[in-house]
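The chain is numbered in sequence order, starting from 1.
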Amino acid sequence: MLQNLEMLAREARSWPFEQARNLLAHVLKKRLSDAERNAAKVLIDAGKADEALAAFEALQRPVVFETGYGPSGLPHMGTFGEVARTTMVRNAFSALTGDHWPTRLVAFSDDMDGLRKVPEGIPNAEVLHEDLHKPLTVVRDPFGTHDSFGAHNNARLRAFLDGFGFEYEFLSSTEQYRSGRFDETLLTLLERFDAVQAIMLPTLGEERRATYSPFLPISPVTGHVLQVPTLERNVAKGTIVFDDPAGGRTEVPVTGGQVKLQWKPDWAMRWTALDVDYEMSGKDLIESVRESGKICRALGGVAPEGFNYELFLDVEGKKISKSKGNGLTMEEWLRYGTPESLSWYMFQSPRSAKSLHFNVIPRAIDDYLAFIEAYKTQEPAKRIDNAVWSIHAGAPPTHTSPVSFALLLNLVGVANASSKDQLWAYFAKYLPEATPQNEPLLDQLMDRALNYYEDFVKPAKAYRQPNEKERAALLDLAARLKALPADTTDGETIQNEVYAVGKEHAFEPLRAWFAALYEVLLGASQGPRFGSFAAIYGLPQTIQLIEDGAEGRLAKA
């Protein structure tokens with residue numbers, strides 16, 4: 001079975017598997033000689049990854065995936081997207097190597113960075129103003145719940161990742177610097193200072209070039225992270241000399257957490273010290289990746305494999321900015337959609353710019369549900385490229401929701417429902433065995449549908465009067481449905497009558513008939529499968545709705 005999965009993974013075309021194959025080639029090249037690499041590749045291509053990994057000691061070390069986080073603010077949509085997508089590549093890599101090669105996902109918090117400005121909306125902001133320029137793990141916690149502002153936000157990050165069930169290892173920049181884990185690489189950077197400067201200085205403006213140093217010493221007097229020139233370097237002692245505005249000429253070791261690095265050298269140093277094999281980043285960091293990669297090589301490391309994903313846009317096609325607040329927050333998505341629908345949206349075309357706005361949520365939910373249904377009947381080669389394979393690490397649920405989110409939205413509107421109890425009452429006949437306990441996703445979607453309808457659909461409702469042709473067709477449909485048993489719950493039977501009426505009244509194309517149903521009866525430009533909607537709403541209630549629409553009473557209400 002594992003060998004079959006490995007074979008499928010080698011042929012899979014979806015982007016996580018493309019990335020996994022690139023990563024495998026990268027790690028083999030990084031860790032093995034040409035002869036060893038060729039021997040390992042032969043075994044892996046034959047579906048014998050376990051033998052390859054056992055044969056070479058260098059392949060027994062875990063493959064390290066990294067995601068980075070700046071804890072001056074709270075976790076956001078980008079945090080989720082980066083961890084979710086990296087996890088998808090990690091799962092694909094495990095499938096490709098038969099799950100024999102250990103992997104680690106490091107969630108790295110750059111919490112030793114100095115606090116540059118006070119975020120908006122923070123309580124006790126005066127505390128943060130007093131602690132500006134100090135490391136985030138030294139800045140006092142304005143919320144009063146943790147030892148520092150950095151610790152508070154780190155806790156929020158871990159709770160955030162745990163809430164989505166991500167498997168990861170959390171690393172704090174402060175702890176790594178202070179523990180000495182970075183010391184060896186920091187001493188290497190001190191020794192190769194000129195090589196790092198040769199990489200960085202051409203990328204800077206003239207004024208910054210004059211004072212730039214990759215080292216940011218922490219003032220022994222004020223505790224501030226200082227942006228000051230390095231005046232002297234003593235490689236033998238492992239120290240730098242700088243001018244401290246509060247204490248004059250000062251010498252400190254570059255080890256033990258007494259300095260940190262500028263962020264691009266810091267990124268490169270982490271890649272080297274932690275032996276990172278894979279890290280993705282946004283398209284806006286392409287140049288930074290290139291420069292950090294050069295620094296990594298100057299330090300004797302190998303830059304990780306990775307790719308640059310496109311950034312999200314708002315509804316007007318503008319770049320999303322946290323400061324402008326023109327995008328969606330995690331809380332907002334989860335008020336209207338499910339975590340799985342967000343993962344589905346993150347999976348789709350990561351190299352293409354996409355709108356991240358409220359209007360994408362209903363479609364994302366229903367597309368996710370449709371992909372789950374498709375997975376059930378797909379052959380293995382198609383399944384592995386289905387988004388839900390990557391979302392659920394190869395084990396998607398066998399049951400989701402019996403109805404679409406679009407249908408629920410319309411049911412909420414037509415039934416004027418304000419609670420889940422009202423919605424469950426409509427399902428009593430259509431799905432008599434269904435309960436919130438045995439249909440948990442449906443129950444969750446009801447919550448989201450109520451929220452979404454109230455906030456977005458209801459304010460935009462616009463019923464219209466039918467024209468004479470549409471009125472005649474609507475009355476014909478009402479008459480045909482009256483001929484059915486009043487307790488009919490077979491959506492297909494009802495849908496067949498809807499089709500028959502559309503053809504009988506010569507709607508060309510037929511979708512114009514369905515558009516009329518939605519616009520006249522539901523006050524929207526599109527809607528759910530009408531037969532399924534009517535089956536849940538109830539035949540007598542649907543007939544009354546159709547007659548009200550035909551007579552223009554809905555448009556007048």
Problem - Sidechain N-carboxylate O distance under 4.0 Å for R448, D443 - result: no

Handout entry: D110, N154, T137 screened by side-chain hydrogen bond (donor to acceptor under 3.5 Å, both in side chains) with T174, the one that passes
Key = T137

Problem - Geometric cation-pi criterion R85 and Y309, 6.0 Å radius, 45° cone - result: yes

Exercise for the section: For the pair R351 and E310, find out whether any cationic side-chain nitrogen is under 4.0 Å from an anionic carboxylate oxygen. Expected result: no

Handout entry: Side-chain donor-acceptor contact under 3.5 Å, S219 with D244
Key = yes

Problem - Salt-bridge present (D367, R363; N to O < 4.0 Å) - result: yes

Problem - Side-chain ion pair, D113 and K134, N-O less than 4.0 Å - result: no

Practice task
May I ask you to check whether F108 and W271 place their ring centres under 6.0 Å from each other?
Solution key: no

Problem - Centroid-centroid under 6.0 Å between F164 and F160 rings - result: yes

Practice task
Check whether any side-chain heavy atom of P135 lies under 4.5 Å from a side-chain heavy atom of D111, and answer yes or no.
Solution key: no

Exercise for the section: State yes or no: are the ring centers of W15 and F307 separated by less than 6.0 Å? Expected result: yes

Problem - Cationic N near anionic O, under 4.0 Å, R335 to D447 - result: no

Problem - Salt-bridge contact E251-K237 (side-chain N to carboxylate O under 4.0 Å) - result: yes

Exercise for the section: Would you check if the distance from the ring center of W101 to the ring center of F93 is below 6.0 Å? Expected result: yes

Practice task
Please determine if E167 and R90 form a salt bridge, counting it only when a charged side-chain N lies under 4.0 Å from a carboxylate O.
Solution key: yes

Problem - D275/K30 salt bridge by N-O under 4.0 Å criterion - result: yes

Exercise for the section: Check whether the ring centres of Y69 and F170 lie less than 6.0 Å apart, and answer yes or no. Expected result: no

Problem - Any S341 side-chain heavy atom under 4.5 Å of W333 side chain - result: yes

